[in-house]
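Notes follow once the structure below has been shown.
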There are 2 protein chains.
Amino acid sequence: MKKKFRMTRQRRIILEELRNLHSHPTADEVYDIVRKRMPRISLGTVYRNLEILSQWGLAQKLDLAGNRRRFDGSTDDHYHVRCVRCGEIEDVAGEPLQNLEESVRSSTEFEIIGHRLNFLGFCPKCRHEAEEPLVPPIREEPQSIDEK
Amino acid sequence: MKKKFRMTRQRRIILEELRNLHSHPTADEVYDIVRKRMPRISLGTVYRNLEILSQWGLAQKLDLAGNRRRFDGSTDDHYHVRCVRCGEIEDVAGEPLQNLEESVRSSTEFEIIGHRLNFLGFCPKCRHEAEEPLVPPIREEPQSIDEK
DNA sequence: ATAACTGCAAACGTTTTGCCAGCAT
DNA sequence: ATGCTGGCAAAACGTTTGCAGTTAT
């Protein structure tokens with residue numbers, strides 16, 4: 001039995017604001033923005049709707065290592081860079097890779113439907129203050145490594 | 001002023017177990033396993049050390065949309081598939097893409113140091129029971145969409 | 001009438017933290 | 001003696017959920 005979803009006022013406004021924003025907001029950043037237009041909306045509603053909009057394909061839940069979920073209102077294929085030091089996200093220009101899926105289909109049981117590509121790096125703010133690369137201490141018992 | 005990190009017993013055992021495991025465990029899966037060898041280790045220690053090992057480049061914090069952090073003990077370049085329905089992760093075979101970074105360097109202020117590629121799809125268990133693709137309802141006010 | 005939805009607050013599970021004792025330097 | 005670390009427990013945080021009232025079909 002199917003659920004009939006509706007495009008409610010809250011849902012539409014969340015989507016509009018998400019699209020106007022050219023960033024990659026967390027649920028509560030969206031909440032803060034939407035609240036300017038709908039002061040009584042609740043954070044729970046924002047979570048529920050971001051989830052549903054993502055299922056509809058109208059928004060994307062991003063694949064990121066941090067522990068706050070981030071969303072993206074643009075649905076066309078594009079990739080991201082993430083700063084490994086401060087976590088900042090930005091879009092990267094460039095054509096999506098074609099036929100990547102093909103090359104994996106033969107080697108997995110999964111039914112492949114797409115891909116996500118993130119570049120890693122240092123953002124302009126962090127590139128200067130970045131700690132020097134750390135050399136792995138392999139195996140031996142007590143040993144030490146520098147860090148800031 | 002720099003911090004001197006040491007390779008402690010806990011840290012080494014966490015790393016060993018992470019490497020033996022050919023999966024993508026959460027912190028508390030690692031905790032359960034390590035506890036068999038060190039019953040008094042604490043979950044906090046596991047979190048702290050997985051974080052540090054990732055900074056060292058001895059482990060990876062994965063880029064995933066779910067809300068539990070997952071780690072990977074293998075440091076050689078490889079990609080993952082994630083089931084969009086149940087969240088299961090698996091490695092995919094195949095050569096890492098070369099020169100991807102080059103193509104982005106010209107168009108971003110970030111200093112690019114690498115990339116992460118995840119394929120999306122349905123795992124064998126989910127591929128049959130997957131709901132049909134949802135058609136986006138664009139813009140118009142009240143409208144409805146089917147879902148399970 | 002029924003089913004989907006919202007606001008609210010409480011509940012939940014994950015991750016982080018403060019503290020103190022122990023150990024390596 | 002100093003400073004990194006681990007265990008423990010509490011706290012913090014992000015996200016989800018139950019409920020009662022509302023709205024669309």
Side-chain angles (χ1 to χ4, degrees), chain A residues 1-15 24-32 34-35 37-56 59 61-62 64-71 87 131 134 137 140-148, chain B residues 1-15 17 24-32 34-35 37-56 59 61-62 64-71 87 134 137 140-148:
Chain A
M1 218 236 93
K2 311 247 168 200
K3 226 178 173 178
K4 294 284 184 204
F5 280 125
R6 300 192 282 256
M7 179 54 83
T8 62
R9 197 164 118 69
Q10 288 77 344
R11 202 163 282 172
R12 185 172 41 77
I13 291 180
I14 289 170
L15 180 58
H24 308 88
T26 59
D28 62 79
E29 287 163 358
V30 174
Y31 175 54
D32 285 342
V34 168
R35 220 166 7 157
R37 293 174 59 185
M38 297 192 81
R40 306 189 49 79
I41 198 174
S42 78
L43 182 56
T45 298
V46 172
Y47 271 101
R48 278 186 288 236
N49 283 321
L50 287 172
E51 187 61 39
I52 289 169
L53 292 168
S54 304
Q55 286 175 27
W56 287 0
K61 230 190 292 188
L62 299 183
L64 298 170
N67 54 355
R68 302 176 63 177
R69 192 166 302 176
R70 292 187 171 275
F71 295 86
E131 38 259 87
L134 297 164
E140 285 75 46
E141 188 87 351
Q143 192 176 8
S144 60
I145 292 226
D146 282 359
E147 213 228 15
K148 91 114 164 315
Chain B
M1 219 240 85
K2 311 247 169 200
K3 226 179 173 179
K4 295 284 185 203
F5 281 126
R6 299 191 284 256
M7 179 53 84
T8 63
R9 196 164 118 71
Q10 289 73 347
R11 207 162 279 172
R12 185 173 39 78
I13 291 181
I14 289 169
L15 180 57
E17 294 300 336
H24 309 88
T26 60
D28 63 79
E29 286 163 358
V30 174
Y31 175 54
D32 285 341
V34 169
R35 220 165 7 156
R37 294 174 57 185
M38 299 191 79
R40 305 189 48 80
I41 198 173
S42 78
L43 182 57
T45 298
V46 172
Y47 271 102
R48 276 185 289 239
N49 284 322
L50 287 171
E51 187 61 39
I52 290 169
L53 291 169
S54 304
Q55 286 174 27
W56 287 359
K61 231 190 291 186
L62 300 183
L64 298 170
N67 54 355
R68 300 177 65 177
R69 191 166 302 175
R70 292 186 171 275
F71 295 86
L134 297 165
E140 284 75 48
E141 188 89 350
Q143 193 177 9
S144 60
I145 292 225
D146 282 0
E147 210 229 17
K148 86 114 171 310

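These numbers come from a predicted model, not from an experiment. Every chain is numbered from 1, with letters handed out A, B, ... down the list of sequences.
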Could you tell me the separation between the CG atom of B:Asp28 and the C1' atom of C:dT16, rounded to a whole number of Å?
15 Å
Who are the side-chain contact (heavy atoms from CB on, under 4.5 Å) partners of B:Tyr47, not counting sequence neighbours?
B:Ala27, B:Leu43
Compare side-chain N and O positions of A:Arg69 against OP1 and OP2 of D:dT16 and report whether any pair is under 4.0 Å apart.
yes
Roughly how many Å is it from CE in B:Met7 to C1' in D:dG6, rounded to a whole number?
15 Å
Nucleotide of D:dC4, C:dT15, C:dA4 approaching A:Asn67 most closely (side-chain heavy atoms)
C:dT15
Below 4.0 Å: OP1/OP2 of D:dG14 and any side-chain N or O of A:Thr26:
no
Spacing between B:Leu62 atom CG and C:dT14 atom P, to the nearest angstrom
17 Å
Among residues at least two apart in sequence or on other chains, which ones pass salt bridge (Lys or Arg N to Asp or Glu O under 4.0 Å) with A:Arg69?
A:Glu51
Suppose we screen for side-chain contact (heavy atoms from CB on, under 4.5 Å). Which residues come up paired with A:Ser42, at least two apart in sequence or across chains?
A:Thr45
Just jot down the salt bridge (Lys or Arg N to Asp or Glu O under 4.0 Å) partners of B:Arg70, sequence neighbours excluded, or say none.
B:Glu29
Taking CD1 from A:Ile13 and P from C:dT6, how many angstroms apart are they, rounded to a whole number?
11 Å
For B:Arg11, what residues pass the side chain to side chain donor-acceptor pair (under 3.5 Å) criterion, not counting sequence neighbours?
B:Asn49
What about B:Arg6: does its side chain form a donor-acceptor pair under 3.5 Å with the base of D:dC4?
yes
Round to the nearest Å and state the distance from A:Arg70 atom CZ to D:dG14 atom C1'.
13 Å
Value in whole Å for how far the P atom of D:dG3 lies from CD1 of B:Ile52
17 Å
Let me know the distance between CG of B:Leu43 and C1' of C:dT17, rounded to the nearest Å.
13 Å
What residues form a side-chain contact (heavy atoms from CB on, under 4.5 Å) with A:Ile13, not counting sequence neighbours?
A:Arg9, A:Glu17, A:Val34, A:Arg37, A:Met38
N/O (side chain, B:Arg11) to phosphate O (OP1/OP2, D:dG6) under 4.0 Å:
yes
With the criterion being N/O to N/O and under 3.5 Å, what pairs connect the protein with nucleotides 8-12 of chain D, and how long is each?
unit_1, atom_1, unit_2, atom_2, d
D:dC8, OP1, B:Arg40, NH2, 2.5
D:dC8, OP2, B:Arg40, O, 3.4

Minimal non-hydrogen separation, B:Ile41 against B:Tyr31, with atom names
O-CE1, 3.4 Å
Separation between NE2 (A:His24) and CG (A:Leu64), nearest 0.5 Å, reads 9.0 Å
Identify which nucleotide among D:dC4, C:dA4, D:dT5 has an atom closest to any side-chain atom of B:Thr8, counting heavy atoms from C-beta outward.
D:dT5
OP1 or OP2 of C:dT16 sitting under 4.0 Å from any side-chain N/O of B:Tyr47?
no
Under the side chain to side chain donor-acceptor pair (under 3.5 Å) test, residues paired with A:Asn67 that sit two or more places apart
none
Return the minimal non-hydrogen interatomic distance between B:Arg6 and B:Trp56, and the atom names on each side.
O-CH2, 3.9 Å
Angle between the two end axes of the helix from C:dA1-D:dT25 to C:dT25-D:dA1, five base pairs per end, rounded to 10 degrees?
30°
What is the separation between atom CG on B:Asn49 and atom C1' on C:dT17, rounded to the nearest whole Å?
15 Å
Considering only C:dT14, D:dT5, C:dC5, which nucleotide approaches the side chain of B:Arg68 most closely?
C:dT14
